[in-house]
Amino acid sequence: MSQQPIAQSRRYDPIEIAQYYKYRPWRAIWRAITIVSLFAWFVIGLKWDSWRQREEENKLKRAAQLREMLTHLGPTFIKVGQALSTRPDLVRKDFLEELVKLQDQLPPFDNAIAFARIEQELGRPIAQMYGEISPNPVAAASLGQVYRARLKTGEEVAVKVQRPNLRPIITLDLYLMRWAASWLAPWLPLNLGHDLTLIVDEFGTKLFEEIDYLNEGRNAEKFASNFQNDPRVKVPAIYWRYCSSRVLTLEWINGFKLTDTKAVKAAGLDTDTLIEIGVTSGLQQLLEYGFFHADPHPGNLFAMPDGRMAYIDFGMMDQLEQSTKETLVDAVVHLINKDYDDLAVDFVNLGFLTPQTDIKPIVPALEAVLGDAIGQNVGDFNFKTITDKFSELMYDYPFRVPAKFALIIRSLVTQEGLALSLNPQFKIVEVAYPYVAKRLLTGETPQLRRRLIEVLFKDGKFKWQRLENMIAIARTDNNFDLLPTAQLGLQYLLSQEGSFLRRQLLLALTEDDRLHTAEVRRLWDLVKDDLKPAQLFNVALSVVAGNILDERAALF
Ligand SMILES: Nc1ncnc2c1ncn2[C@@H]1O[C@H](COP(=O)(O)OP(=O)(O)OP(=O)(O)O)[C@@H](O)[C@H]1O
């Protein structure tokens, strides 16, 4: 068997990889010796500390050593480190903080190799494609490096070229990891709830997707189409004529990386608006489109001089199912309403707990951890504190983080960290909850309307306070207009689908044998400034007229 198939494979296939290295054992053995000796050296260091009772004193040094070791071992291990940096359930906190730094840690590779690769991949001399290209890369990352260039037609572009021999290195490491996973799993004190080899396979599949730049280009276009009507979000265009699976040519983004907070501020850009764009577009990805950027670290986000925010690096994206998006909305609402019984059920539905888990003892634990984190004020909520506290819970209860959520959690924590670096007073919930409340109240889809009803009724009783809270919070979002929402609400209430809600509302109004006028008055006081009676009358009239027309249309 030749080297060719492994270097060319586009898809991760563990069987094919195992076949290939079965006939090249010396390569596997040599690499295994390197990896094992580095890890052994690291573990001996930890044991030495513990023997001399210097663990506390040396813990930062050891964490840095771990990061350096993974960097030394190359792209696969850097990616493992990046993935582990999202797993507070598996990794110690001090290690976690070092692993988060595993971005852009590799030295660049030779320019001559990079240019030869561009020509070989695109089948033409560089000078025929690019009018200019920077002599050195502007950035070197784990899998590739990026040059700034100009097309013959004048457009400014970024040219991303993959590191040489990436597939052979990655396949060999994955082969060894898979082998180790199958042999070591029974001895590891991990509560993963999965077969360890499946985890390696999932990681391998994602990594192979990431090193296919054509896939990244397609992701960028899909992401762009989701945000095509949003004038605040920019996605670079892909120049397909100059792309292959190892070279990507995309529109150059002129702007300031959000890591460079000084430059962003010096350019006079409004950081609060940027944060709002970042958090809202992040929530839209998760809760509306279900297609999300799984690596939104600040180096992948740019503030543009015209106030837009640009995303780059679409190598790692993930897709959420409709039911997951809805459960996530539920979980946010339950969390804010301090509804820990329902929140525990959400955790089961999302896969954090198995359906067999007895959730009774977990509810008070959730309350202890999350009640404290949210504090008296919804605005005190902060994902970093929550994930830190959660990692403590993970040791005592059978929580596990489904792989998909590791990415979501990382995405949320990094977005929050990013926002905090621009505005230390920032409270993610002040943007997130109005967004969720607005989406529920506007109820664009039947599923969301059902969710709203579920939120408003608890144990068959209408929760006036929740509706009040939700309206009050939604109104803090400047883009929230109550009038169209009221129109949609009325339309729904008078429709066939709304008959259940009509009945429940009547029951609620007359519950406990009294007319709940005080609650209605409080609600009215809350909304009356936005909904002038005359305007409301017009809205009601148009809804009734619309209904009559619909009924007539149905008759004929
Ligand atoms: N379209 C662009 N416009 C301007 N700069 C860019 C563009 N694309 C990439 N860069 C620069 O190149 C760097 C690396 O690009 P990118 O993040 O896409 O590479 P990567 O190999 O996927 O890195 P990572 O390790 O983050 O996965 C970016 O941080 C940025 O500085």
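Counting convention: from 1, in listed order, for ligands and their atoms alike. These values consider heavy atoms only, across backbone and side chains, with no hydrogens, waters or symmetry-generated copies.
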Geometric N/O contact Lys160 with ligand 1, under 3.5 angstrom: yes
Polar atom proximity, Lys257 to ligand 1 (N or O, under 3.5 Å): yes
N/O donor-acceptor pair under 3.5 Å between Asn215 side chain and Glu209 backbone: yes
Ring centre gap for Tyr20 and Tyr175 strictly below 6.0 Å: no
Residue portion contacting ligand 1 (non-hydrogen atoms closer than 4.0 Å) for Ile253: both
Interfacing atoms of ligand 1 (cut-off 4.0 Å, heavy-atom, Ser142): 25 (O)
Proximity flag Lys79 to ligand 1, non-hydrogen atoms under 4.0 Å: yes
Ligand 1 contacted by Gly315 (non-hydrogen, < 4.0 Å): no
Show every donor-acceptor pair shorter than 3.5 Å between a side-chain atom in residues 123-130 and any protein atom, with sequence neighbours excluded, or say none if there are none.
| unit_1 | atom_1 | unit_2 | atom_2 | d |
| --- | --- | --- | --- | --- |
| Tyr130 | OH | Thr249 | OG1 | 2.8 |

Winner among Ala141, Gly255, Pro137, Ala140 once heavy atoms are compared against atom 21 (O) of ligand 1: Ala141
Part of Met316 within contact of ligand 1 (heavy atoms, under 4.0 Å): neither
Proximity to ligand 1 by part of Gln162, non-hydrogen separation under 4.0 Å: neither
Region of Ala139 that comes within reach of ligand 1 [heavy atoms, distance under 4.0 Å]: side chain
Phe256 ring center near Phe302 ring center (under 6.0 Å): no
Distance filter under 4.0 Å to Leu250 heavy atoms, resulting ligand 1 atoms: 1 (N)
Part of Ile312 with heavy atoms under 4.0 Å of ligand 1, whether side chain, backbone, both or neither: side chain
Region of Val138 engaging ligand 1 - heavy atom pairs below 4.0 Å: neither
Pairing of Glu251 and Lys234 as salt bridge, 4.0 angstrom limit: yes
